[in-house]
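Worth saying up front: this structure is predicted, and the values here are computed from it rather than measured.
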Amino acid sequence: MTNQKPQKDKSYLFLIIFALLFAGIITRSVLVPSNDSIKLPNIAAKEFAAKSVEVQSLNFSELLAAARDGQIATLSLRGDTATGEMADGARYKAVVSHDPALLAKLSDMGAMVTIDNSKGWMDMIGTWFPILFTVLIIMWIWRAMRGGGMGGGIGRIAQQMNPTKIIAGTKKKTTFADVAGIKVAKQEVTEVVDFLKNPDKFRKIGARIPRGILLSGEPGTGKTLLARAIAGEANVPFFATSGSDFSGIIVGLGVAKIKEIFEMAKRNSPCILFIDEIDAIGMSRGRSTFNDNDREQTLNQLLIEMDGFTGDSGIIVIGATNRPDMLDGALLRPGRFDRQVYIELPDMAGRREILDLYAKKFKFAKGTDMGEAARGTTGFSGADLENLLNEAALLAARAGRKEIDAKDIDEARDKILMGPKKDKKVSAKDLKLTAYHEAGHAFISVHYRDITDPIHKATIIPRGRALGMVQKLPIDDKVSVTLAEIRADLVIAMAGRVAEEVFFGRDNITTGAEMDIAQATYLARRSITMAGLSQKIGPVAVNQVDTFGHRHALESASEKTAESVDAEVRAWIDAAYKNATALISKNRAVVKKLAEELLRRETLTREEIEKIIGVKKKK
């Protein structure tokens, strides 16, 4: 890293000059007597002995009465406030209007009237401060432009407004040991670290290290953390900025700051330049957005800087975005971001690694299994998992315990997925309906335990919009789903509505199955139109319409095909409903026992449910 001799900043001289000038103006307005006072003529001046008495407040009527009696000796008017002395030497204060006729009348009654039009120091501040402040800003910008030309001056201003974070030489460095759950992504960037440590090994064989690496993936998957780990492993300076830092009110600000940042990186090479949310400036050109012209100029400058690297510059640009599809094609070509690393949501093994890593910061009760937590957090990112353990710690602390146990983690997961527990009291009728509804789901889930994911628990504790729920935990990560599992899931989804109908009658079914029906319909339609699992429709992709009315990029479907799809979806749902009805009707006593236990205990675990149903454990 090269060291440059810092230039002395003489901006403080301008501040001192303007401060002295401003102080001089204020001092003059306060100390120098004003010549703006106006005295009415033909008034006989009298001398009065000054007396140290309290100021008397008079209203307008009292002031006129005192003037008629000849008691007012002097009257000085400033704005609408009149002050002066009475004939006996007492001082007074009154509020009067600036009326020339009234002032002449008071003068005829023997008072010496003076009108003070001079400006006080507050008036002078209000007049001169905005002018001096504007001049100071203009001179500051002018001096910055003189110091480094137009680009360098604006770039320096931009750097002061949005400073680039420099993370280098810190005692606590982020390394690959601090990154878990993204093993494939770490392998992709390992050779970047090797290049920064041993560049000659690559140059001798003629290899060119990627000049830019684009990290993409869902929010919270660890893109920024991985970039910091690369810098920590390579032990090189790490410059961090974001795409939004290059946009501003001043036109040309982004271009100037791009130049400034890359100049800084070149002075500290080898180094890593990290640009977070790069889609803010790297969006495809031609899209109509606010301030589009300035954004495109900023993007063009970024393209020039990245393509202008020399082979031995030692600068590696790492970009991060959640929307790689929005980036301009020129930014992704080889020579710029010529390596793209997609960071997926962690699988079960990855979630276990992340939980074990974050668990080091918390205190857990003996026997707490992180594997169980990893099974129940499908779809969680690394940030979500850290938040899960933190929520569990908060719950344990709120309960007055010093350690986190499995129940805290389970409660934290339910809170994140479904929302906090409702304080609203549920009526006995609704609670009973909910218990039978969830008992139907639980019974059918256990019935299909060899086909679908095993049940985790059933509860009638209301959370969010749901009055109850049945949770399942996958045994392992699934790459695909079989047709048998899909049909079983459809029966499980229909079981709640079927239980209501079987035990309470058709007229007493509720809207509680709304989400179940929506999920079952989506699963059936997707399986038929996207996966080609229907014998009637065949292995073809049929065009679908999403919730916003836009069609997916699939094959078009005729009206006849669309009608056939609708009929097939209905047939799948009807078959699932029929199977659920047959199973629950045949096992009414067992389902009723499950519902009664839910009403008594509110929550049942998998072991408790299987015991009630009478499931024999596998040997």
Side-chain angles (χ1 to χ4, degrees), residues 426-460 466-472 482-525 527 534 567-618:
V426 182
S427 66
K429 180 181 178 181
D430 289 338
L431 198 62
K432 187 176 181 180
L433 277 165
T434 302
Y436 277 87
H437 180 107
E438 302 304 334
H441 284 308
F443 174 77
I444 300 297
S445 296
V446 173
H447 179 78
Y448 286 109
R449 65 188 181 280
D450 294 331
I451 301 176
T452 65
D453 294 327
I455 190 173
H456 173 58
K457 70 175 181 179
T459 180
I460 57 173
L467 295 178
M469 61 179 174
V470 170
Q471 284 186 350
K472 297 191 296 180
T482 65
L483 178 58
E485 187 173 354
I486 291 173
R487 293 190 182 279
D489 286 337
L490 291 176
V491 178
I492 294 171
M494 293 291 105
R497 166 60 63 84
V498 168
E500 294 179 12
E501 184 175 354
V502 169
F503 287 96
F504 300 101
R506 178 69 183 174
D507 293 336
N508 291 316
I509 59 176
T510 68
T511 59
E514 177 183 355
M515 290 301 297
D516 298 330
I517 295 172
Q519 291 174 359
T521 304
Y522 174 79
L523 178 60
R525 185 172 292 275
S527 301
S534 169
E568 186 70 352
V569 171
R570 180 61 184 268
W572 281 34
I573 299 297
D574 288 345
Y577 199 93
K578 183 179 179 180
N579 290 339
T581 303
L583 288 170
I584 292 177
S585 298
K586 185 179 178 180
N587 298 275
R588 284 178 61 100
V590 177
V591 177
K592 182 179 180 180
K593 188 176 181 180
L594 267 178
E596 289 175 350
E597 287 297 317
L598 276 174
L599 286 170
R600 189 169 67 88
R601 290 191 271 181
E602 290 188 330
T603 300
L604 295 174
T605 64
R606 177 178 60 85
E607 291 79 8
E608 292 170 339
I609 294 172
E610 291 179 349
K611 184 177 180 181
I612 293 170
I613 295 175
V615 176
K616 295 181 180 180
K617 294 183 178 180
K618 295 181 181 181

*Mind checking what makes salt bridge (Lys or Arg N to Asp or Glu O under 4.0 Å) contact with Glu596, not counting sequence neighbours?*
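Glu596: no salt bridge (Lys or Arg N to Asp or Glu O under 4.0 Å) contacts found.
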*Indicate yes or no: does Arg600 engage Glu597 in a salt bridge with an N to O separation below 4.0 Å.*
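Between Glu597 and Arg600 there is a salt bridge, with a charged N closer than 4.0 Å to a carboxylate O.
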*Closest non-hydrogen atom pair, Ala495 against Gly440*: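 It is CB-O, 3.4 Å.
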*To the nearest 0.5 Å, what is the distance between CZ (Arg487) and CG (Leu483)?*
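Result: 4.5 Å between the selected atoms.
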*If you look only at pairs with a residue in residues 487-514, which of them pass as a ring pair (Phe, Tyr, Trp, His ring centres under 6.0 Å), with sequence neighbours excluded?*
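Non-adjacent pairs meeting ring pair (Phe, Tyr, Trp, His ring centres under 6.0 Å): Tyr436-Phe503, Tyr436-Phe504.
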*Any chance you could measure Ile609, atom CD1, to Glu607, atom CD, to the nearest 0.5 Å?*
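Interatomic distance, Ile609 CD1 to Glu607 CD, rounded to 0.5 Å: 9.0 Å.
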*Taking every non-hydrogen atom, the tightest pair across Ser445 and Ile492*: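 The pair with the smallest heavy-atom distance is OG-CG2, 3.5 Å.
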_salt bridge (Lys or Arg N to Asp or Glu O under 4.0 Å) partners of Arg588, counting only residues at least two apart_ =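 Scan of Arg588 (salt bridge (Lys or Arg N to Asp or Glu O under 4.0 Å), adjacent residues dropped) gives none.
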*Could you pull out all residues at least two apart from Glu514 that satisfy side-chain hydrogen bond (donor to acceptor under 3.5 Å, both in side chains)?*
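Expected list: none.
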*When rounded to the nearest 0.5 angstrom, what is the spacing between OG1 in Thr459 and CD in Gln471?*
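Here the interatomic distance stands at 8.5 Å.
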*If you round to the nearest 0.5 Å, how far is CG of Asp489 from CD1 of Ile444?*
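These two atoms lie 12.5 Å from each other.
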*Which pair of heavy atoms, one from Ala499 and one from Ile584, lies closest together, and at what distance?*
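Scanning both residues, the minimum pair turns out to be N-CD1, 4.0 Å.
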*Check: His456 side chain, Arg606 main-chain N or O, donor-acceptor pair, under 3.5 Å*: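 No, because the side chain of His456 does not come within donor-acceptor range (under 3.5 Å) of the backbone of Arg606.
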*Distance, nearest 0.5 Å, that separates CD of Glu485 from CG of Leu490*: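 Going from CD on Glu485 over to CG on Leu490, the span is 11.0 Å.
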*Scan residues 581-613 for pairs that pass ring pair (Phe, Tyr, Trp, His ring centres under 6.0 Å), counting only residues two or more places apart or in two chains.*
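For residues 581-613: none.
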*Report the residues that fulfil salt bridge (Lys or Arg N to Asp or Glu O under 4.0 Å) with Lys432, sequence neighbours left out, ordered by chain and then residue number.*
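Checked Lys432 against salt bridge (Lys or Arg N to Asp or Glu O under 4.0 Å); zero matches.
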_Chi angles and distances behind the side-chain contact (heavy atoms from CB on, under 4.5 Å) call for Ile455, Arg449_ = CA-CA 8 Å; Ile455 190 173; Arg449 65 188 181 280; over 6 Å; no
*Please name the pair of heavy atoms, one in Thr452 and one in Ala488, separated by the smallest distance, quoted to 0.1 Å.*
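Taking Thr452 first and Ala488 second, the nearest heavy atoms are CG2-CB, 3.6 Å.
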*asked:* Tell me every residue that passes side-chain contact (heavy atoms from CB on, under 4.5 Å) with Ala513, counting only those two or more places apart in sequence or in another chain.
replied: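 Applying side-chain contact (heavy atoms from CB on, under 4.5 Å) to Ala513 gives His437, Arg497, Asp516, Ile517.
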_Holding to side-chain contact (heavy atoms from CB on, under 4.5 Å), I want the full list of residues that pass it with Asn579, two or more places apart in sequence or in another chain._
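Result, side-chain contact (heavy atoms from CB on, under 4.5 Å) vs Asn579: Val491.
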*Which value, rounded to the nearest 0.5 Å, describes the distance between Glu500 atom CD and Asn508 atom CG?*
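Answer for the CD-CG pair, Glu500 versus Asn508, is 9.5 Å.
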*side-chain contact (heavy atoms from CB on, under 4.5 Å) with Thr434: which residues, sequence neighbours excluded?*
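Expected list: Glu438, Ile460, Leu467.
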_side-chain hydrogen bond (donor to acceptor under 3.5 Å, both in side chains) partners for His447, two or more places apart_ =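 Here no residue qualifies.
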_Within-4.5 Å side-chain heavy-atom neighbours: Val502 and Val591_ =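 A side-chain contact under 4.5 Å is absent here.
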*Counting only heavy atoms not in Arg570, do more than 12 fall under 6.0 Å of its CZ?*
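At most 12 heavy atoms, drawn from other residues, nucleotides or ligands, come within 6.0 Å of this atom.
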*Have a look at Leu598 and tell me which of Leu431, Ile612, Leu604 forms a side chain to side chain contact (heavy atoms under 4.5 Å, CB included) with it.*
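Result: among Leu431, Ile612, Leu604, Leu604 is the only option passing the side chain to side chain contact (heavy atoms under 4.5 Å, CB included) with Leu598.
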*Taking all atoms of both residues into account, what is the closest heavy-atom pair of Ser534 and Glu568, and its distance?*
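Smallest heavy-atom distance, with atoms named: OG-OE2, 2.7 Å.
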*Closest non-hydrogen atom pair between Ala458 and Ala442, with its separation*: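 Nearest pair, atom of Ala458 first, then Ala442: CB-CB, 4.3 Å.
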*Please list, chain by chain and in numerical order, all residues satisfying salt bridge (Lys or Arg N to Asp or Glu O under 4.0 Å) with Glu501, sequence neighbours excluded.*
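Partners of Glu501 by the salt bridge (Lys or Arg N to Asp or Glu O under 4.0 Å) criterion, ordered by chain and then number, come out as Arg506.
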*asked:* Applying side-chain contact (heavy atoms from CB on, under 4.5 Å), can you list everything that pairs with Ser427, at least two apart in sequence or on another chain?
replied: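 Lys429, Asp430.
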